[in-house]
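Single-structure report; data block below.
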Amino acid sequence: MASNHVDVFDTTLRDGEQSPGVRLNMEQKLKIGHQLVSLGVNIIEAGFPISSPGDFESVNTLARELKGVTICGLTRARDKDIDVAAEALAPAERRRIHTGLGVSENHLQHKLRMSEDQALETGVAAVRRARQYTDDVEYFMEDSGRAKPEYVYRVVEAVIAAGATVVNVPDTTGYTFPTEYRDLIAGIINNVPNSDKAVFSCHCHNDLGMATANTLGGVLGGARQVEVTVNGIGERAGNTSLEEVVIALHIRRDIFGLDTTIQHAKLLETSRMVSELTGMLVQRNKAVVGANAYAHSSGIHQDGVLKERSTYEIIDPTLVGAERSEIILTARSGRHGLKHRLNQLGFDFPTDRFEEVYTKFLEVADTKTEVRDEDLYELVR
Ligand code: KIV
Ligand code: ZN
């Protein structure tokens, strides 16, 4: 079913909200939900309805309020979970039930205490039950990243035959490597006879810092849905970050040749909103949306960027909704950066006077992490 479109499945409100220390109230979830719709995500995983009355209420409210998007609820492979999720999702324009079970030996043995066959039958029964409520059923195979591919193939074939339309291949523990994850997805597509009847989804965690790379590897392997969170928030080291994946797909469309429906210009405002509401700060050097992502402080880089932005920037900051590239004046800055900023502030000095100012600038810069405009005014006085 490989197409040239990748669905963006946002799980900020479910896996993202599982970040230690994060708790969103209904109003905050609704605000983020509306923002995700305007950002252009295709599926919003709104919560895990059976987990608490509050989660039921959130999924139910988002299902009622958000239009033009599929609302998804997570369940374990249990009848009661599925029935409750179906009830919470009932008002949605488009609803998806996301059910599933572990597939790795580790999870089967230590967590589920089931044999492979028992787990497979349980999963198939869950898909059949979910299909009674909706024809959009996603099956997750928890801890696929550490599972035996042959068992994964059996499960995929059985759940698709039972009616799963999307099959999620989570690297739950963030264990895999990009080429390994790509091969896992490609292996499923090539070895499972009915694989053309479903969309395959990447769901990667960031324990080894490779969630984005693994997700992109999965897309190269044939997955056409990516499960992401804004700013990469989530359990432990987090999930794949939405902004990194969609911008990588866009900037490297020469490699992928794939589109998403994301409005790139809303990425920064979305990142800021989620950071503010969750209290999870975005590191300054975070790719795509970090405060330093379009800031240049060394003289060599400033000189290059001021001559031609693309010398040191592969992403135009306006693409993601940032105003412009920033020139940060530090002791590492050169004449070109200083002259540029002084000109912006309305100063244009003859060469000998500029050299005096530059010498003074370096003296001041050696005492500070950044020379700000007020320092420049002081210095030229
Ligand atoms: O990481 C994971 O395996 C999950 C599943 C519940 C989809 O979040
Ligand atoms: Zn997860």
Exercise for the section: Test T172 against E142 for side chain to side chain donor-acceptor pair (under 3.5 Å), laying out the working first. Expected result: CA-CA 6 Å; T172 306; E142 196 175 16; 4.7 Å; no

Exercise for the section: Start with the C-alpha distance between K360 and D375, add both sets of side-chain angles, then the distance that settles salt bridge (Lys or Arg N to Asp or Glu O under 4.0 Å), and finish with yes or no. Expected result: CA-CA 11 Å; K360 277 248 177 280; D375 302 315; over 6 Å; no

Exercise for the section: Report the hydrophobic cluster partners of M210, with the cluster defined as I, L, V, M, F, W, Y residues connected by side-chain heavy atoms closer than 4.5 angstrom, directly or transitively. Expected result: F177, L208

Handout entry: K368, NZ: over 12 other non-hydrogen atoms inside 6.0 angstrom
Key = no

Problem - Neighbour count >12 (heavy atoms, 6.0 Å) for atom CD, E27 - result: no

Problem - V155 and V167, any side-chain heavy atoms less than 4.5 Å apart - result: no

Practice task
State plainly whether the residues D303 and K339 are in salt-bridge range, i.e. N to O under 4.0 Å.
Solution key: no

Problem - Note, N239 side chain near I233 side chain (heavy atom, < 4.5 Å) - result: no

Exercise for the section: Begin from the C-alpha positions of L342 and F354 and carry the test side chain to side chain contact (heavy atoms under 4.5 Å, CB included) through to its verdict. Expected result: CA-CA 10 Å; L342 287 171; F354 176 77; 3.9 Å; yes

Practice task
Considering only NZ, NE, NH1 and NH2 on the basic side and carboxylate oxygens on the acidic side, decide whether D83 and R129 come within less than 4.0 Å.
Solution key: yes

Handout entry: Note: R381-E378 ion pair, threshold 4.0 Å (strictly below)
Key = yes

Handout entry: Any side-chain heavy-atom pair of L249 and L216 under 4.5 Å
Key = yes

Practice task
State, with a plain yes or no, whether a side-chain heavy atom of F9 is found less than 4.5 Å away from one of R96.
Solution key: yes

Completion exercise
Nearest heavy-atom contact between V380 and F347 is CG2-CZ, 3.6 Å

Handout entry: Side chains of I50 and E87 in contact at under 4.5 Å (non-hydrogen atoms)
Key = no

Exercise for the section: Please determine if D136 and R94 form a salt bridge, counting it only when a charged side-chain N lies under 4.0 Å from a carboxylate O. Expected result: no

Completion exercise
Of all heavy-atom pairs linking N214 and C204, the shortest is CB-SG, 3.8 Å

Practice task
Quick one: pull up CD in E93 and CD in E65 and give me the separation to the nearest 0.5 Å.
Solution key: 12.0 Å

Exercise for the section: For the residue pair D15 and T229, confirm or rule out a side-chain donor-acceptor distance under 3.5 Å. Expected result: no

Practice task
Check A90 against R95 and note the closest heavy-atom contact, atom names and distance.
Solution key: O-NH2, 3.1 Å

Practice task
Assess whether side chain to side chain donor-acceptor pair (under 3.5 Å) is satisfied between E243 and S271, documenting all intermediate values.
Solution key: CA-CA 8 Å; E243 54 283 354; S271 160; 5.5 Å; no

Handout entry: Test: E356 and R353 ion pair at under 4.0 Å
Key = yes

Handout entry: Whether T11 side chain and E227 backbone form a donor-acceptor pair below 3.5 Å
Key = no

Exercise for the section: In plain terms, say whether K29 and D55 are close enough for a salt bridge, that is, a side-chain N and a carboxylate O under 4.0 Å apart. Expected result: yes

Handout entry: Side chain to side chain, L220 and I255, heavy atoms closer than 4.5 Å
Key = yes

Handout entry: side chain to side chain donor-acceptor pair (under 3.5 Å) assessment of Q132 paired with R128
Key = CA-CA 7 Å; Q132 291 174 7; R128 291 211 176 104; over 6 Å; no

Exercise for the section: Please answer: with hydrophobic residues joined when any side-chain heavy atoms are less than 4.5 Å apart, are I32 and M280 in the same cluster? Expected result: yes

Exercise for the section: Show your working on side chain to side chain donor-acceptor pair (under 3.5 Å) between T318 and D316 and close with a plain yes or no. Expected result: CA-CA 5 Å; T318 59; D316 181 338; 2.9 Å; yes

Exercise for the section: May I ask you to decide whether R372 forms a salt bridge with E370, counting only side-chain N to carboxylate O separations under 4.0 Å? Expected result: yes

Practice task
Using a cut-off of 6.0 Å, state whether more than 12 heavy atoms not belonging to Y175 lie near its atom OH.
Solution key: no

Practice task
Please answer: with hydrophobic residues joined when any side-chain heavy atoms are less than 4.5 Å apart, are V357 and Y377 in the same cluster?
Solution key: yes

